[in-house]
Novice: 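Below is the structure I would like to discuss, written out as structure tokens.
Note that ligands are numbered from 1 as they come in the structure, with each ligand's atoms numbered from 1 the same way. Position 1 is the first residue of the sequence, and the numbers go up from there. Below, all heavy atoms of this structure are taken into account, side chains as well, without hydrogens, waters or symmetry copies.
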Amino acid sequence: MPWFRNHYVCTVCEGHWLAEAAESDAANCPHCRTFDVAPYRSEDFSRVIDRDGTRFVVMQCTKVTKRGPNWRAVKRFDTREAARAFLAGR
Ligand SMILES: [Zn+2]
């Protein structure tokens, strides 16, 4: 499942905010309530690297519920570089 971190800047009040969502959707400004502000940037957070003690775990978003994304551990690595290389290789 895709999962995004969206970056917004409101042209009315120049407020900035971040929101994580299943789509790179327009949102309402939390500062001045302007409707339908489009994100200027969306980062793909469908797969991320997490820490597990001294190891690094590649996590994948498997589904999105009302409570947010569900994550599944894909593979564990000894170094962050190895985890990054795994992500870049797909
Ligand atoms: Zn605003």
Novice: Within a 6.0 Å radius of atom CZ on Phe35, are there more than 12 heavy atoms belonging to other residues, nucleotides or ligands?
Specialist: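 Atom CZ in Phe35 is not packed in, count stays at 12 or less.
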
Novice: Check step by step if ring-ring contact (aromatic ring centres under 6.0 Å, His included) holds for Tyr8 and Trp17.
Specialist: CA-CA 5 Å; Tyr8 299 90; Trp17 76 97; 4.8 Å; yes

Novice: Assigning hydrophobic clusters by single linkage (Ile, Leu, Val, Met, Phe, Trp, Tyr; side-chain heavy-atom cutoff under 4.5 Å), is Leu87 placed with Val74?
Specialist: yes

Novice: What residues, two or more places apart in sequence or in another chain, satisfy salt bridge (Lys or Arg N to Asp or Glu O under 4.0 Å) together with Arg80?
Specialist: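 Applying salt bridge (Lys or Arg N to Asp or Glu O under 4.0 Å) to Arg80 gives none.
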
Novice: Give a yes-or-no answer on whether the side chains of Glu14 and His31 include a donor-acceptor pair shorter than 3.5 Å.
Specialist: no

Novice: Shared ILVMFWY cluster between Phe45 and Phe86, side chains joined below 4.5 angstrom?
Specialist: no

Novice: For the Zn ion (ligand 1), what is the number of protein N, O or S atoms at a distance under 2.8 Å?
Specialist: 4

